[in-house]
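A short worksheet on the structure shown next.
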Amino acid sequence: MNNELQHTDHTLTLNNRSSLTVTGITDVDEFNEQEILAICDFGELSIKGELLHIEELSVDSGNLVVSGKIISLTYCEKLSGTSVLKRLFGG
């Protein structure tokens with residue numbers, strides 16, 4: 001029996017630091033114009049920048065598209081509290 005965790009494919013595509021496409025996103029915890037906290041199987045992804053805007057978010061397909069000036073991308077093992085989507089939809 002294989003005890004390894006199964007991970008959803010996770011990719012990042014950054015174009016000219018102004019457009020970011022991420023796959024494998026399971027939830028978004030927080031977002032504003034300076035930071036977006038997205039959750040994937042590999043932890044929490046902090047996207048920091050200026051004038052950030054979520055162009056597309058589909059947790060069904062796992063796609064997240066962000067526009068704005070991308071300054072940094074950082075992974076953290078610790079997951080934040082209840083997600084925005086769960087708070088909105090009572091999950």
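In this text, all values refer to a predicted model and were calculated from it rather than measured experimentally. Atoms considered below: every heavy atom in the structure, side chains included; atoms not considered: hydrogens, waters and symmetry mates.
The two atoms that bring D29 and E44 nearest to each other are OD2-OE2, 3.7 Å, heavy atoms only. For the residue pair C40 and G24, the shortest heavy atom distance occurs at CB-O, 3.2 Å.
Between atom CG of residue L45 and atom OG1 of residue T74 there is a gap of 8.0 Å, rounded to the nearest 0.5 Å. I47 contributes atom CD1, which lies 5.0 Å from atom CD1 of I36 (distance to the nearest 0.5 angstrom). Annotation: the span from I54 atom CD1 to N32 atom CG amounts to 9.5 Å, rounded to 0.5 Å.
Not counting sequence neighbours, the partners of H10 by the ring-ring contact (aromatic ring centres under 6.0 Å, His included) test are F42, Y75. Listed by chain and number, the residues in a side-chain hydrogen bond (donor to acceptor under 3.5 Å, both in side chains) with T11 are T23 (sequence neighbours excluded).
Annotation: N16, atom CG; neighbour count of heavy atoms from other residues, nucleotides and ligands within 6.0 Å does not exceed 12.
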Report, one line per pair, each donor and acceptor closer than 3.5 Å where one atom sits in a side chain of residues 58-72; sequence neighbours left out.
from	atom 1	to	atom 2	distance (Å)
S58	OG	S61	N	3.2
S58	OG	S61	OG	3.1
S61	OG	N63	ND2	3.3
S67	OG	E55	OE2	2.6

